[in-house]
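Structure provided below as structure tokens; questions to follow.
Predicted, not measured: the structure shown is a model, and the values here were computed from it.
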Amino acid sequence: KDFVYLIQVQRTGEGLRWLHNRSTATSDVMVLIWGEGHGGPLCFDSSSGVFDHGSLLYRPKTTWNTGRNNLLRQAVQSARNYTYYIFMDGDAELVEARDFGYNT
């Protein structure tokens with residue numbers, strides 16, 4: 001895959017939406033949750049405060065810069081050799097510009 005989206009969100013639900021909507025044959029998604037707890041039937045190690053479920057990372061109270069560094073480290077250490085690393089905030093919205101045929 002050429003692309004990996006590295007996204008920071010406040011809540012688990014936001015992260016799960018990105019995972020479901022952006023994981024494709026040509027792109028992966030890695031999400032870091034900096035706000036509320038995992039809030040679901042997902043594995044969380046409360047002693048370390050770290051939640052890691054493949055592409056979904058839980059890092060409570062992480063700063064913006066530290067969160068991006070965590071996401072980049074996870075992507076670089078993965079088995080994939082991505083060409084593009086796309087950093088985004090969870091409140092961004094991707095829509096297709098139909099008159100040009102490109103995603104913006």
Side-chain angles (χ1 to χ4, degrees):
K1 297 185 181 186
D2 289 330
F3 302 92
V4 61
Y5 291 91
L6 305 171
I7 304 169
Q8 294 187 83
V9 299
Q10 185 174 10
R11 295 179 188 84
T12 304
E14 296 170 84
L16 293 174
R17 276 193 303 277
W18 280 106
L19 288 174
H20 294 296
N21 293 332
R22 284 287 130 201
S23 294
T24 67
T26 60
S27 66
D28 283 334
V29 176
M30 293 183 182
V31 177
L32 182 136
I33 303 164
W34 57 265
E36 74 169 34
H38 59 91
L42 304 171
C43 299
F44 173 68
D45 181 355
S46 60
S47 63
S48 67
V50 172
F51 169 74
D52 190 347
H53 187 263
S55 298
L56 194 61
L57 310 171
Y58 178 60
R59 305 291 190 267
K61 301 178 183 176
T62 299
T63 65
W64 185 74
N65 288 331
T66 304
R68 284 188 174 220
N69 288 338
N70 274 274
L71 283 166
L72 181 60
R73 183 173 25 264
Q74 184 79 7
V76 169
Q77 291 176 350
S78 73
R80 301 200 184 265
N81 187 20
Y82 299 108
T83 304
Y84 300 99
Y85 298 82
I86 304 166
F87 290 93
M88 297 176 59
D89 291 327
D91 58 355
E93 192 172 317
L94 296 177
V95 295
E96 184 175 344
R98 295 192 187 278
D99 49 346
F100 297 108
Y102 298 109
N103 285 333
T104 57

*Do you know which two heavy atoms are closest between Asn70 and Leu32, and how far apart they sit?*
CB-CD1, 3.7 Å

*To the nearest 0.5 angstrom, please state how far the CZ atom of Arg11 sits from the CD1 atom of Ile33.*
11.5 Å

*With rounding to the nearest 0.5 Å, note down the distance linking CZ in Arg59 to OG1 in Thr66.*
11.5 Å

*How long is the span from the CG atom in Leu56 to the CD1 atom in Ile7, to the nearest 0.5 Å?*
11.0 Å

*Only counting residues at least two apart or in another chain, list the ones meeting side-chain hydrogen bond (donor to acceptor under 3.5 Å, both in side chains) with Ser27.*
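Partners of Ser27 under the side-chain hydrogen bond (donor to acceptor under 3.5 Å, both in side chains) test: Thr24.
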
*So, for Ala75 and Leu6, which heavy atoms are closest and what is the spacing to 0.1 Å?*
CB-CD2, 3.9 Å

*State, to 0.1 Å, how close Trp18 and Val31 come at their nearest heavy-atom pair, and which atoms those are.*
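Taking every non-hydrogen atom into account, CB-CG2, 4.2 Å.
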
Would you be so kind as to tabulate the donor-acceptor pairs closer than 3.5 Å made by side chains of residues 81-92, with sequence neighbours excluded?
unit_1, atom_1, unit_2, atom_2, d
Tyr82, OH, Asp28, OD2, 2.5
Asp89, OD1, Trp64, NE1, 3.4

_Nearest heavy atoms of Met30 and Val4, plus distance in Å_ =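 Closest approach of Met30 to Val4, heavy atoms only: CG-CG2, 4.2 Å.
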
_Contact between Leu16 and Leu19 at the side-chain level, heavy atoms closer than 4.5 Å - yes or no?_
yes

_Nearest-0.5 Å distance, CG of residue Asp2 to CZ of residue Arg80_ =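 One gets 11.0 Å once the value is rounded to the nearest 0.5 Å.
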
*Could you tell me whether the side chain of Lys61 reaches within less than 4.5 Å of the side chain of Trp34, counting heavy atoms only?*
no

